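All values derive from a computational prediction rather than experimental measurement. Every chain is numbered from 1 and lettered A, B, ... according to where its sequence line falls, protein lines coming before strand lines.
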Amino acid sequence: MHALWKILAEKSGQENVEAGEIVNAEIDLAEVNDLYLQVIKSFYEMGGKKVWDPDKVTFVFDHYSPTPTIKAAENHKQMREFCDEQNIEKLFDINKGVCHQVMPEAGLVYPGMLLTATDSHTTTHGSFGAFGTGVGATDLATILLEGELWFRVPEVIKINITGSLKKGVMAKDIILHILGELGQDAAVYKAVEFAGPVVDNLEMAERMVLCNMSVEMGAKTSYIKPDQTTREYIDKRVDHDYTVYETDADFEYDETYEFDVSNLEQVTAAPHSIDNVINVKDAGDVKIDQVFIGTCTGGRVNDIKTAAEILKGKKIAKGVRLIVIPASDEVMRESMKKGYIDSLMESGAAISAPGCGPCLGAHQGVIADGETCVSTSSRNFPGRMGSTGAKIYSASPATAAYSALYGKLIGGAE
Amino acid sequence: MRKGNVHKFGDNIDTDQIYPGRYLDISDHKKIAEHAMEGADPEFAAEVKAGDIIAAGSNFGCGSSREHAVITLKKAGVGAVIAKSFARIFYRNAVNLALPVIQIKDLDFKENEKLEVNLEEAYIKRADGSIIEFTPLPENILEIYKAGGVIPYYKAKHA
């Protein structure tokens with residue numbers, strides 16, 4: 001069995017599971033974000049009174065945080081009241097950040113766990129050896145009721161990443177390149193494991209980018225085998241026993257792909273789909289209006305550091321707006337201590353409170369009809385960041401920073 | 001049995017096209033229905049009639065986990081979605097809210113074509129009387145449909 005199957009087997013009390021089988025599995029952690037008041041509504045509609053285990057439930061306010069509308073404020077208010085009534089102590093309010101950064105930082109994510117959240121990017125937690133998967137509001141409500149959920153055991157695709165990365169090429173470039181090659185439906189309803197020497201050498205923040213964006217190829221969950229790098233991150237944060245499952249040597253992957261990234265350059269997903277991937281240098285002369293550095297894909301300390309170093313002592317181009325939103329309070333404070341925030345502000349950046357920001361077009365920098373944005377976020381669907389008449393180029397934090405500097409889409413120094 | 005006219009869409013229709021993110025703070029289902037498919041076809045919500053059927057390409061519903069994407073179709077009157085393949089979270093959400101979702105690999109439906117869908121017996125009848133069979137849904141999923149969605153399903157269990 002694959003390590004991910006062993007997690008599902010353990011959580012469903014079975015010796016073995018097979019691809020395609022439907023199992024009922026016990027959930028270790030259920031996270032609700034602030035998009036989904038529907039979770040609470042559905043919970044009560046189904047006859048729910050008390051959540052099955054308040055210690056295994058967490059709420060994170062990130063998509064509408066701090067609240068931009070009265071409606072969003074009412075949603076937050078009702079969620080706070082629900083947490084209070086249900087004795088849910090793990091409420092991460094508007095001062096924390098994006099759930100996929102906040103949960104690992106708070107020590108809630110560990111290898112071998114089964115984590116569900118009302119967010120598609122829950123695949124991120126595969127980078128810690130967890131089975132993380134996104135669910136809808138009503139699914140989450142059934143978990144609050146019974147602590148378990150049905151799952152179809154997914155086939156597993158393995159992606160080996162070999163070679164050595166050129167300077168200035170980031171995990172975001174790797175995953176965009178893979179998406180461009182395999183397409184956005186390559187892993188629908190399947191799991192994706194990332195392996196190989198390039199992955200072994202990535203720090204946790206960069207591994208998280210790979211697993212985070214596996215959902216953009218349709219993955220149900222993703223996986224990177226925990227190693228010393230994982231343990232170093234987890235052991236200072238997690239106060240919980242955990243099991244690292246081993247994939248059996250004779251496990252048969254659904255597909256295995258090899259990507260040698262030695263010649264990989266800065267790439268971008270051009271409008272309007274995430275698998276429309278081209279080399280940045282082949283994008284032509286793309287004038288831009290806004291650059292956004294942030295989100296659960298591209299808003300961590302190394303992302304902000306990368307941008308700050310590129311822009312240090314320089315000003316962004318006239319007529320371009322640079323918005324930087326650290327993924328969490330911890331990321332923001334560390335970036336402040338290291339001087340990155342001050343440096344970016346000196347270069348002309350606007351800094352907003354940690355959260356999802358304009359990634360989903362909610363607030364803090366939505367874009368107008370006819371505008372073009374370079375974003376470190378993971379989606380460039382029409383209308384994702386505001387007007388359906390706007391264009392989004394998804395790229396690495398390095399490409400985003402250079403683009404802000406020159407006022408056009410560009411992947412390096414001119 | 002569900003009857004309706006076909007509205008055709010292409011591959012990779014994502015949840016931002018089905019229900020744009022800027023309306024996510026709406027929780028009133030009637031208002032959610034006003035924005036159905038707005039990102040892909042701004043006229044859809046006004047034109048769709050009760051029971052109509054969406055016929056799409058591969059990876060329908062990719063993108064975010066928003067349940068609004070199912071609610072908006074259901075409340076706008078969509079009777080079923082037929083696609084070459086579905087994104088996983090959308091598929092689960094559709095089951096949970098009892099919006100019929102049918103996977104058929106080879107699709108050649110025409111715009112406005114009249115179809116009858118029988119979910120329980122796993123076939124689609126076309127206007128010319130021809131029948132297209134599809135893989136029956138697993139028993140646990142059919143039970144959720146029969147109950148009218150996961151809310152009544154669990155309500156019966158927990159009330």
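- Chain B forms the most heavy-atom pairs under 4.5 Å with one residue out of A/Gly361, A/Pro68, A/Gly383, A/Ala137, and that residue is A/Ala137.
- Counting only heavy atoms from C-beta outward, the side chains of A/Glu146 and B/Lys157 approach each other to under 4.5 Å.
- The local environment of NZ in B/Lys75 is sparse, with at most 12 non-hydrogen atoms from other residues, nucleotides or ligands closer than 6.0 Å.
- Residues A/Lys41 and B/Ser27 meet the side-chain proximity criterion, which asks for heavy atoms closer than 4.5 Å.
- In terms of heavy-atom pairs under 4.5 angstrom with chain A, the leader among B/Asp11, B/Asn59, B/Asp25 is B/Asp25.
- The main-chain N or O of A/Ser273 is never found under 3.5 Å from a side-chain atom of B/Asn12 such that the two would form a donor-acceptor pair.
- Judged by distance alone, the side chain of A/Arg379 and the main-chain N or O of B/Gly63 form a donor-acceptor pair under 3.5 Å.
- In this structure, B/Ser65 OG and A/Leu140 CG are separated by 9.0 Å, a value rounded to the nearest 0.5 Å.
- Closest heavy-atom contact between B/His29 and A/Gln38: NE2-OE1, 3.6 Å.
- Smallest separation of non-hydrogen atoms from B/Ser64 and A/Arg384: CB-NH1, 4.5 Å.
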> Is there a side chain to side chain contact (heavy atoms under 4.5 Å, CB included) between A/Thr138 and B/Leu97 once you walk through the steps?
Replying inline: CA-CA 8 Å; A/Thr138 303; B/Leu97 298 178; 3.9 Å; yes
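- In this structure, chain B has heavy atoms under 4.5 Å from both the backbone and the side chain of A/Gln184.
- For chain B, no part of A/Ile274 is nearby; none of its heavy atoms comes within less than 4.5 Å.
- Contacts between A/Tyr36 and chain B at a heavy-atom distance below 4.5 Å involve the side chain alone, from C-beta outward.
- There is no contact between B/Pro152 and chain A, counting heavy-atom distances below 4.5 Å.
- Geometric assessment of B/Arg92 against the ring of A/Phe151 yields a positive cation-pi assignment under the 6.0 Å and 45° thresholds.
- Note: A/Thr69 OG1 to B/Arg22 CZ = 14.5 Å, rounded to the nearest 0.5 Å.
- Going from atom CZ of B/Arg66 over to atom OG1 of A/Thr118 covers 12.0 Å, rounded to the nearest 0.5 Å.
- Here the CZ-OH distance, from B/Phe86 to A/Tyr189, works out to 10.5 Å after rounding to the nearest 0.5 Å.
- Taking a 6.0 Å sphere around NZ of B/Lys49, one finds it holds 12 or fewer heavy atoms contributed by other residues, nucleotides or ligands.
- Crowding of A/Glu371 atom CD: a count of heavy atoms from other residues, nucleotides or ligands under 6.0 Å exceeding 12.
- Counting heavy-atom pairs closer than 4.5 Å to chain B, the top-ranked of the candidates A/Thr122, A/Asp119, A/Leu145 is A/Leu145.
- Looking at B/Arg88 and A/Val135, their side chains come closer than 4.5 Å, going by heavy atoms from C-beta outward.
- Shown here is B/Glu143, whose CD atom has more than 12 heavy atoms of other residues, nucleotides or ligands within 6.0 Å.
- Residues of residues 36-47 of chain B lying within less than 4.5 angstrom of chain A, judged on heavy atoms, are absent.
- B/Asp16 contributes atom CG, which lies 12.5 Å from atom NE2 of A/His272 (distance to the nearest 0.5 angstrom).
- Between A/Thr142 atom OG1 and B/Ile151 atom CD1 the span is 10.0 Å, to the nearest 0.5 Å.
- For CD1 of A/Ile70, the number of neighbouring non-hydrogen atoms (other residues, nucleotides, ligands) closer than 6.0 Å is 12 at most.
- For B/Asn140, the part sitting under 4.5 Å from any heavy atom of chain A is the side chain, from C-beta outward, and nothing else.
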>> What verdict does the side chain to side chain contact (heavy atoms under 4.5 Å, CB included) test give for A/Trp150 and B/Ile144, after you've listed the backbone C-alpha separation in whole Å, the side-chain angles of each residue and the deciding distance to 0.1 Å?
In response: CA-CA 12 Å; A/Trp150 66 267; B/Ile144 294 171; 4.1 Å; yes
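- When all heavy atoms are compared, the tightest approach of A/Asp185 to B/Ser58 is OD2-OG, 3.4 Å.
- Side chain to side chain, B/Asn96 and A/Asp139 meet the donor-acceptor criterion of an N or O pair below 3.5 Å.
- Interface residues of residues 108-126 of chain B toward chain A, defined by a heavy-atom distance below 4.5 Å: none.
- At a 4.5 Å heavy-atom cutoff, the contact between A/Leu360 and chain B is made by backbone and side-chain atoms alike.
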